[in-house]
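Down below is the structure, laid out as structure tokens.
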2 protein chains.
Amino acid sequence: MNVQAAQTWQGVQEEVLRRIHAREWKPGDLIPNEAELAKEFGCARTTVNRALRSLADGGLLERRRKAGTRVAAPPVAKATLNIAVIRHEVEDRGARYGYQLALREVRAAPTHISAALGVGVQERLLHVMALHLSNDAPYALEDRWINTLHVPGALGQDFRSVSANEWLLQNVPYTKGEIAFAAKPATAENAKHLNCPENSALLAVNRLTWDHDQSVTAVQVLFAPGHQMRTRI
Amino acid sequence: MNVQAAQTWQGVQEEVLRRIHAREWKPGDLIPNEAELAKEFGCARTTVNRALRSLADGGLLERRRKAGTRVAAPPVAKATLNIAVIRHEVEDRGARYGYQLALREVRAAPTHISAALGVGVQERLLHVMALHLSNDAPYALEDRWINTLHVPGALGQDFRSVSANEWLLQNVPYTKGEIAFAAKPATAENAKHLNCPENSALLAVNRLTWDHDQSVTAVQVLFAPGHQMRTRI
DNA sequence: CATGCTATTATGTATATACATAATACATGA
DNA sequence: TCATGTATTATGTATATACATAATAGCATG
């Protein structure tokens, strides 16, 4: 018996992880049930449950009532990216943040935008473009449409000193959203703002947020060439 | 009193979420402590704890002992991307998966690779390039270096029918890793394989995995132009 | 033989209780 | 005043117990 004291759920989790990493329990394998593990580790079933549930949340285990718990196969890695306010992202890297409003207009949106936001094609929406700077160098270009039918308050903001990004987060709740990552070639306009050659490969993050069944905003953030989003798995 | 029965942790979570979305509790606000909420909801503190802990895991609440629980400010969205086996990714979209080995060689790696893998610059490593197809169209180009000092078994594989991607997941454990997303222009070679114009904007996913303190593999996956990675937040 | 009922089983959750731990506030002493 | 110790407090965790729920297997019935 190689177990003496794993009286904490972290301890149980560690030991289970070890067995998975050591291939004692291989991907696809059914592992002992909670009661057995509790007996083996000398702790309550609740504690084992906590440990296994946490691993299942992380994608390493798959659990089904009655069927039992098995090691996830194939091990799907879950990469969690923090989508923060751009100002914080810049400041966290120890750089000086800057902000420039590039455009603010109220007009009918392109069809793919009005469709995504679920509003009529001739509905006049608020369109804001802004440049985020890191140590005075272009960092990201934000291209945003705001559903003013749902967020009329946005019309009273000039977004000259506070970005739409931050204003919305502070003032408008959202309950769900979609996010998509893609690579896009820089248009002539993108290139001008980001101070890079036309057709440069840019990392694009598209977000669409909803407050219950009302769309709030559709935004595309284009990062300067070379930008990376990193995380651990 | 607008609360009668939230006897489940999901119920408590929903009500707390509702209050956050309704701005009854604003970002930065300290919310009542577990004991008070338990009394209000007519359930055990454990149940409230479960609900709040889950919300904190999701990044919506920030909790500190003694200090209490507050609504996260600014609301950092966590986007969780599933990094699956490419074959499954293709098949899940209902497409026919195809695989072509493009290159397999053993040689000294470029310095940035050997440095990332933490091996000597003149160490000969296994280099594999392969094309993943979706309905016979190029889907992704995999460019991989394997640390054969730690994974000698890879030298016995020809990777002609099973991708290195899948073989490694099935056979070599890893305990931690890094992942980075970026946009890159297609090189002439990339363009040839992916059947796209040179300098096309490609979404690049770079992964580096470790088994305890031994590097396993460094891989770059370049997706065909227009590819998106999506998730909900 | 197919269909539906039932028992069984493993996970999922709720509770009271107890104690652990971290962080703050307050008091105390040099 | 400053440092240090101490009490307080909110979250964190472990436990036994009980019951809920989903999925399966096996049985019974038409």
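Below, read A as the first sequence line, B as the second, and so on, with proteins coming before strands; counting in each chain starts at 1. Basis for what follows: all heavy atoms, side chains included, without hydrogens, waters or symmetry-related copies.
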Rounded distance (Å) that lies between atom C1' of C/dA10 and atom CG of A/Leu37: 12 Å
Spacing between A/Arg70 atom CZ and D/dA23 atom P, to the nearest angstrom: 14 Å
B/His227-B/Tyr139 aromatic ring centre distance below 6.0 Å: yes
Which residues share a side chain to side chain donor-acceptor pair (under 3.5 Å) with B/Glu166, sequence neighbours left out: B/Arg87
A/Thr217 and its side chain to side chain contact (heavy atoms under 4.5 Å, CB included) partner, picked from A/Asp211, A/Asn147, A/Ile146: A/Ile146
Aromatic ring pairing B/Tyr97/B/His132, orientation class (parallel under 30°, perpendicular over 60°, tilted between): tilted
Side chain to side chain, B/Asp143 and B/Leu222, heavy atoms closer than 4.5 Å: no
Contact pattern, 5' to 3', of nucleotides 11-18 of chain C - B, S or - by protein heavy atom under 4.0 Å: BBBSBB-B
